[in-house]
Amino acid sequence: MADRYDPTQAEERWYRVWLAAGFFRADPASPKKPYCIVIPPPNITGSLHMGHALDNTIQDILIRWKRMDGENALWVPGTDHAGIATQYVVERQLAAEGKSKEDLGREAFVARTWKWKEESGGTIIRQLQRLGASCDWDRLRFTMDPGLSRAVREVFVRLWEEGLLYRGDYIVNWCTRCQTVLSDLEVEHEERDAQLFYIRYGPLTLATVRPETKLGDTALAVHPRDRRYAKYLGKTLEIPSVEGTIRMKVVADQAVDPKFGTGVVKVTPAHDPADFEIGRRHGLEVRQVIGFDGKMNARAGQYAGLDRFECRGRIVEDLERLGLIEKIEPYQHSVGICYRCKTVVEPLVSTQWFVRTKPLAAPAIKAVRSGKIKIIPRGWTKTYYHWMENIRDWPISRQLWWGHRIPAWYCDRDGTVHVSRTDLVRCPECGGPLRQDDDVLDTWFSSALWPFSTLGWPKSTPELERFYPTSCLVTGFDILFFWVARMVMLGLKFMGDVPFHDVYLHALIRDLEGQKMSKVKGNIIDPLDLMDAYGTDALRFTLAALAGQGRDIRFGEDRVEAYRNFANKIWNAARFVLSNLEDYNPAVARAGEPALADRWILSRLATATSKVRKALAAYRFNDAAGALYQFVWHEFCDWYVEAAKLTLYRSDSPLARTRTQKTLVEVLEATLRLLHPFMPFISEEIWQRLRHQGPTIMLAPFPKARSKDLDRSAERDMAVVIALVTAIRNIRGEMRIPPATTLRAVLKPATPRATRLLKAQAALIQALARCDVTVDPRAARPAASAMTIAEGVECFVPLEGLVDLEAERQRLAKEIKKVEEQIAFLQGKLRNREFKAKAPRDVVEREKGRLTEQRTIREKLRVSLGRLGSAR
RNA sequence: AGGCUCGUAGCUCAGUGGGAGAGCGCCUCUCUGACGCAGAGGAGGUCGGCGGUUCGAGACCGCCCGAGCCUACCA
């Protein structure tokens with residue numbers, strides 16, 4: 001074995017083996033308890049970023065854990081057709097060839113996009129495999145597969161039949177670049193500096209940030225109880241303006257805030273969501289002056305053809321010239337921008353399909369309230385309720401070509417609308433020609449069906465029967481509304497049951513400055529680079545260790561390096577074990593009585609095992625990773641392996657040697673199984689070199705903590721040994737005595753039990769602390785020696801000729817100071833009568849014990865210091 | 001505007017009512033026979049601030065300051 005772990009070849013090799021052997025496959029016919037996760041389908045345009053790496057590492061940890069634990073684990077993989085993003089990519093390709101999608105026509109464009117998907121859409125799947133994802137790849141799904149498309153149609157038709165779907169003219173968020181409608185969720189908001197223009201409207205003045213929309217004004221509005229303007233209510237005013245004299249009616253509406261600006265607003269139903277509502281309430285005309293291209297249209301008269309923002313400047317100039325601008329104030333407000341291309345969204349009225357969400361939301365709220373769905377961490381439930389309770393209808397049509405085309409047909413002859421599971425050609429009413437709706441459905445519409453469409457719905461399949469509802473959904477909190485909430489609504493609606501029992505929402509990964517990673521900022525950390533540099537296992541372990549955090553993970557590469565070192569540590573521990581096994585005979589080992597160190601490490605392993613299990617069950621991946629790290633490095637490697645060297649190299653008892661070999665192998669093997677969900681590759685690589693049962697660690701049982709291994713007395717005794725070794729090392733370190741110098745240590749135990757223990761473990765202490773040990777309950781302090789107390793045992797280290805005794809004086813003074821701080825603290829606590837009266841008795845007793853202990857230590861240290869002084 | 005989250009060692013973060021922790025970084029020593037991607041030792045913290053509850057608060061409550069996120073029809 002090499003002295004360093006090299007991940008590159010092991011990873012590729014094992015993944016190929018696993019895949020070929022079909023270890024990832026789940027069988028719906030298996031009688032084992034089902035455990036199912038459906039992957040949040042990545043976009044086909046995507047390539048693996050840190051968010052995917054985190055999300056999928058967590059899922060793989062869960063799936064591998066459950067699979068090892070004997071459950072029928074199914075992880076369904078797939079990709080998402082990502083309407084806007086994919087169409088954008090192909091349009092850009094066309095543009096490079098000097099063509100537009102219109103040049104190709106719809107059919108050819110869609111064909112071309114399919115071709116692009118076949119060629120480039122699989123990148124992220126290969127990258128997930130690189131990450132070690134143990135998905136059942138035979139079940140790879142795509143949102144536009146025939147089966148899933150059928151599900152989309154079925155849902156659309158049934159919603160229509162039940163009146164949960166409607167088509168209407170509404171003000172929507174329009175992206176003038178993407179040329180499509182956006183749902184509220186797809187609009188981001190950004191605080192921007194702007195100007196607030198105070199414009200004279202006849203006898204009134206009003207404030208606006210969008211003077212260009214004044215051309216579309218169809219009324220003025222004030223608050224109904226605003227006395228200042230009561231006399232104008234219902235009147236129509238003649239107003240001189242840039243377009244000449246215009247006539248405006250003054251209406252009263254609750255939506256107007258009398259305290260803002262002048263308390264008067266201009267109403268532009270065609271270009272402002274609030275105004276649209278006001279317009280509806282008062283039957284106002286919708287006068288559109290900005291086109292879907294973001295330019296002023298013919299109704300804008302002299303301004304026609306100008307870009308909306310250019311027009312703003314021009315109108316302000318013209319108003320100023322006419323003396324109609326009263327003042328301009330600097331103003332900050334939030335602007336809606338397209339989440340894809342960051343273009344400022346234009347509210348526009350158009351005909352769209354909507355889902356009535358209120359009836360769907362009610363059961364979705366109940367599912368969480370009743371505990372049928374558990375959201376982890378808990379804090380997100382509140383956010384979920386708030387959104388669900390204030391839910392608004394969902395516009396689902398998108399003006400794109402790439403996606404599920406809306407299954408609605410219009411008859412121009414009789415004006416009827418037909419929604420159908422099968423394609424229609426002739427009008428069922430009049431036999432006239434039909435034209436299919438041009439739009440496609442929001443990508444999230446098909447994603448919302450993912451947990452059941454991937455399992456075969458609307459067909460009834462063994463998979464659905466077995467795995468629905470799925471067990472857990474793992475995703476980022478940023479798509480709680482986009483995706484999670486909608487899956488819950490549609491799952492309940494069409495399956496009659498929740499889509500999953502647990503939702504684990506993880507944090508978002510940012511850079512060390514807390515900035516979101518983005519190509520524009522150039523602060524992207526590519527998980528593939530990290531895997532190249534440090535190995536997949538190191539990256540996975542890092543992500544698990546960071547997963548416990550709140551909303552952000554500030555990601556620094558040095559953390560990955562640290563866990564690469566951890567992988568190497570495991571590798572070398574295994575190397576140590578394997579290199580000491582040539583003569584190992586398990587049959588002989590069974591006869592050996594375990595020594596203290598053996599009992600101790602087995603007990604620690606049992607503790608680590610239950611910690612890991614508990615942490616995984618609670619989705620506390622950081623705790624699980626921490627427990628593993630602590631155990632492997634600071635218990636197994638730091639102490640047990642070092643202790644093993646004594647019996648392996650220096651003991652003359654063959655039985656002791658075999659027994660140590662047995663412990664080493666057993667602990668290592670179990671540790672590898674514990675590590676496997678986190679570090680699949682290195683664990684398999686080492687496990688295969690050990691004696692093992694079964695073809696792969698993937699299917700070996702996940703360790704259970706055996707209560708017979710929990711050994712309180714071994715832990716207590718080993719704590720004494722460790723404390724003494726550490727104390728002696730401390731003296732060596734503080735006194736600057738080189739490690740090569742063998743010290744002498746005189747141990748003076750205070751009880752017969754301790755005496756027996758120390759006599760039995762003298763050789764171990766000796767080896768670990770590099771010193772010659774004498775155990776003597778009646779020992780007198782040797783002259784010119786350092787002294788310390790650990791676990792009640794006095795320990796003298798003669799320093800004659802080794803160091804300047806002044807250094808020891810200082811060291812002792814430092815220790816005394818520490819002890820005195822403790823004493824003062826404990827005394828203060830115990831002097832408090834209320835503490836003694838009200839605190840639980842065991843707490844009081846513990847503190848009393850500590851106080852006497854610290855006092856004893858202080859006295860001994862003082863005596864030591866005094867002797868040193870007089871020794872001079 | 002409302003809601004939520006966070007403020008603990010130089011950095012990144014654990015710590016969900018009883019003796020302030022980890023990783024990295026830093027300082028000293030070590031070429032010890034698994035590992036220098038290592039070993040041993042060490043320095044470093046008024047737990048954002050102020051009040052309150054409690055025998056006891058980094059943890060619970062209130063207010064304040066600071067950072068961030070989400071929701072909203074602030075023209």
Side-chain angles (χ1 to χ4, degrees), chain A residues 1 3-5 171 184 189 196 206-210 213 221 255-257 259-268 272-278 331-334 347 377 379-380 382-383 386-387 390 477-478 480-481 508 510 512 514 534 538 545-546 548-556 558-559 561-580 620 622-623 626 629-630 634 637-638 641-642 645 649 725-726 729-740 769-770 822 825-826 829 832-840 842-844 846-847 850 854:
Chain A
M1 277 173 92
D3 63 357
R4 281 193 193 176
Y5 171 60
I171 190 144
D184 290 334
H189 296 274
L196 188 59
L206 56 81
T208 180
V209 288
R210 298 201 63 189
T213 62
V256 182
D257 177 0
K259 289 189 284 294
F260 186 90
T262 59
V264 183
V265 293
K266 59 196 228 24
V267 184
T268 322
D272 184 283
D275 292 5
F276 183 79
E277 295 299 329
I278 296 176
Y331 185 62
Q332 238 208 6
H333 73 149
S334 105
W380 289 108
K382 224 171 164 172
T383 314
H386 182 259
W387 189 76
N390 297 286
F477 65 80
D478 53 325
L480 177 60
F481 307 141
L508 261 32
R510 297 167 181 278
L512 278 179
Y534 304 105
L546 293 175
Q549 293 168 213
R551 304 200 161 193
D552 298 344
I553 294 173
R554 293 181 185 224
F555 192 90
D558 53 354
R559 203 72 191 259
E561 194 183 330
Y563 292 121
R564 184 269 321 261
N565 296 352
F566 179 53
N568 193 52
K569 190 77 181 174
I570 298 165
W571 179 255
N572 273 291
R575 207 156 72 94
F576 170 79
V577 174
L578 284 161
S579 66
N580 282 294
R620 310 217 18 145
N622 58 323
D623 286 350
Y629 186 93
Q630 174 68 22
H634 296 304
C637 291
D638 284 355
V641 166
E642 292 307 316
K645 286 174 184 173
Y649 299 149
V725 170
T726 307
R729 283 173 177 174
N730 174 278
I731 288 171
R732 186 194 289 277
E734 296 259 295
M735 297 294 115
R736 309 275 149 86
I737 302 165
R770 280 207 152 225
Q822 279 294 311
F825 172 74
L826 291 166
K829 210 168 182 178
N832 186 337
R833 291 170 64 186
E834 286 195 284
F835 172 71
K836 281 192 281 190
K838 293 185 183 170
D842 59 318
V843 173
V844 178
R846 196 177 57 211
E847 301 296 351
R850 278 180 192 149
Q854 294 297 315

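Below, all heavy atoms of this structure are taken into account, side chains as well, without hydrogens, waters or symmetry copies. Lettering of chains follows the sequences in order, A, B, ..., and the numbering in each one begins at 1.
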Undergrad: Checking all strands, does A:R729 fall into the base, sugar-phosphate, or nothing category for heavy-atom contacts under 4.0 angstrom?
TA: sugar-phosphate
Undergrad: Who does B:A72 pair with, Watson-Crick or G-U, both distances under 3.5 Å?
TA: none
Undergrad: Select from A:R564 and A:R732 the residue whose nearest nucleotide in RNA chain B is closer to the 5' end of that strand.
TA: A:R564
Undergrad: Would you classify A:V267 as touching base, sugar-phosphate or nothing, given that sugar-phosphate means primed atoms plus P, OP1 and OP2, and contacts are heavy atoms under 4.0 Å?
TA: nothing
Undergrad: Can you tell me how far the OH atom of A:Y534 sits from the OH atom of A:Y563, to the nearest 0.5 Å?
TA: 14.0 Å
Undergrad: Quick one: list whatever passes side-chain contact (heavy atoms from CB on, under 4.5 Å) with A:D638, sequence neighbours left out.
TA: A:W633, A:H634
Undergrad: To the nearest 0.5 Å, what is the distance between CD1 on A:I570 and OH on A:Y629?
TA: 10.0 Å
Undergrad: Is any side-chain heavy atom of A:D272 less than 4.5 Å from a side-chain heavy atom of A:P347?
TA: no
Undergrad: Expressed as a whole number of Å, how far does the C1' atom of B:C69 sit from that of B:C26?
TA: 34 Å
Undergrad: Say we look at B:C70 and B:C63: how far apart would their C1' atoms be, to the nearest angstrom?
TA: 24 Å
Undergrad: Expressed as a whole number of angstroms, how long is the span from A:L480:CG to B:U5:C1'?
TA: 14 Å
Undergrad: If we call it a pair only when both distances are under 3.5 Å in a Watson-Crick or G-U wobble match, what pairs with B:C37?
TA: none
Undergrad: Could one point to a donor on the side chain of A:E642 or the base of B:A34 with an acceptor on the other under 3.5 Å away?
TA: yes
Undergrad: Any strand is fair game: report the nucleotide pairing with B:U53 by Watson-Crick or G-U wobble, both distances under 3.5 Å, or none.
TA: none
Undergrad: Could you give the distance separating B:U30 and B:C55 at their C1' atoms, to the nearest angstrom?
TA: 50 Å
Undergrad: Mind calculating the distance between CG (A:D623) and P (B:A14) to the nearest angstrom?
TA: 10 Å
Undergrad: Mind checking if A:T726 touches a base, just sugar-phosphate, or nothing, with heavy atoms under 4.0 Å?
TA: sugar-phosphate
Undergrad: Cation-pi check for A:F576 against A:K645: NZ or CZ below 6.0 Å from the six-membered ring centre and within 45 degrees of the axis, yes or no?
TA: yes
Undergrad: For A:F481, which residues count as a ring pair (Phe, Tyr, Trp, His ring centres under 6.0 Å) partner, sequence neighbours excluded?
TA: A:W387
Undergrad: Using atom C1' of each nucleotide, how far apart are B:G41 and B:G52 to the nearest Å?
TA: 44 Å
Undergrad: Any side-chain heavy-atom pair from A:L508 and A:D478 closer than 4.5 angstrom?
TA: yes
Undergrad: Could you tell me how far apart A:D638 (CG) and B:U32 (P) are, to the nearest whole angstrom?
TA: 17 Å
Undergrad: According to the Watson-Crick and G-U wobble definitions, with both distances under 3.5 Å, which nucleotide is paired to B:G45?
TA: none
Undergrad: Could you tell me whether the phosphate oxygens of B:A34, OP1 or OP2, come under 4.0 Å of any side-chain nitrogen or oxygen in A:Y649?
TA: yes
Undergrad: Do A:H333 and A:L196 pass the side chain to side chain contact (heavy atoms under 4.5 Å, CB included) test, and can you show the C-alpha distance, the side-chain angles, and the key distance before you say yes or no?
TA: CA-CA 10 Å; A:H333 73 149; A:L196 188 59; over 6 Å; no
Undergrad: In terms of the nearest nucleotide of RNA chain B, which residue is placed more toward the 5' end: A:F555 or A:F576?
TA: A:F555
Undergrad: Does A:V844 reach the side chain of A:R846, with side-chain heavy atoms less than 4.5 Å apart?
TA: no
Undergrad: For A:R770 and B:A40, what is the distance between atoms CZ and P respectively, to the nearest whole Å?
TA: 13 Å
Undergrad: Answer yes or no: does a side-chain N or O of A:N730 lie under 4.0 Å from OP1 or OP2 of B:A40?
TA: no
Undergrad: Looking at A:K569 and B:A38, is any side-chain donor or acceptor paired with a base atom of the opposite kind under 3.5 Å?
TA: no
Undergrad: Can you give one letter per nucleotide of nucleotides 19-29 of chain B, going 5' to 3': B for a protein heavy atom under 4.0 Å from the base, S for sugar-phosphate only, - for none?
TA: B---SS---SS
Undergrad: Would you mind building the protein contact string for nucleotides 66-75 of chain B? One character per nucleotide, 5' to 3', B for base within reach (heavy atoms under 4.0 Å), S for sugar-phosphate only, - for untouched.
TA: ---B-SSSBB
Undergrad: Taking atom P of B:C6 as reference, at what distance in whole Å does atom CG of A:L546 sit?
TA: 17 Å
Undergrad: Roughly how many Å is it from CD in A:E834 to P in B:C55, rounded to a whole number?
TA: 6 Å
Undergrad: Quote, to the nearest angstrom, the C1' distance that separates B:U53 from B:C61.
TA: 7 Å
Undergrad: Go through the structure and list residues passing side-chain contact (heavy atoms from CB on, under 4.5 Å) with A:D257, not counting sequence neighbours.
TA: A:K259, A:F260
Undergrad: Between B:C55 atom P and A:K838 atom NZ, what is the distance in whole Å?
TA: 4 Å
Undergrad: A:R620 has an atom CZ; how far is it from atom C1' of B:C13, in whole Å?
TA: 13 Å
Undergrad: Using a heavy-atom cut-off of under 4.0 Å over every strand shown, decide if A:E734 touches base, sugar-phosphate, or nothing.
TA: sugar-phosphate
Undergrad: With rounding to whole Å, what would you report as the distance between B:A43 and B:U28 at their P atoms?
TA: 15 Å
Undergrad: Could you check whether A:K645 gets within reach of a base, just the sugar-phosphate, or nothing at all, counting any heavy atom under 4.0 Å?
TA: base
Undergrad: Using atom P in both nucleotides, what's the gap between B:C31 and B:G36 to the nearest angstrom?
TA: 15 Å
Undergrad: Could you tell me how far B:C60 sits from B:U8 if I compare only their P atoms? Round to whole Å.
TA: 15 Å
Undergrad: Among all residues two or more places apart in sequence or in another chain, which pass the side chain to side chain donor-acceptor pair (under 3.5 Å) test with A:R575?
TA: A:N572
Undergrad: Paired with B:G10 by Watson-Crick or G-U wobble geometry, both distances under 3.5 Å: which nucleotide is it?
TA: B:C24
Undergrad: What distance separates A:R559 CZ from A:I553 CD1, expressed to the nearest 0.5 Å?
TA: 10.0 Å
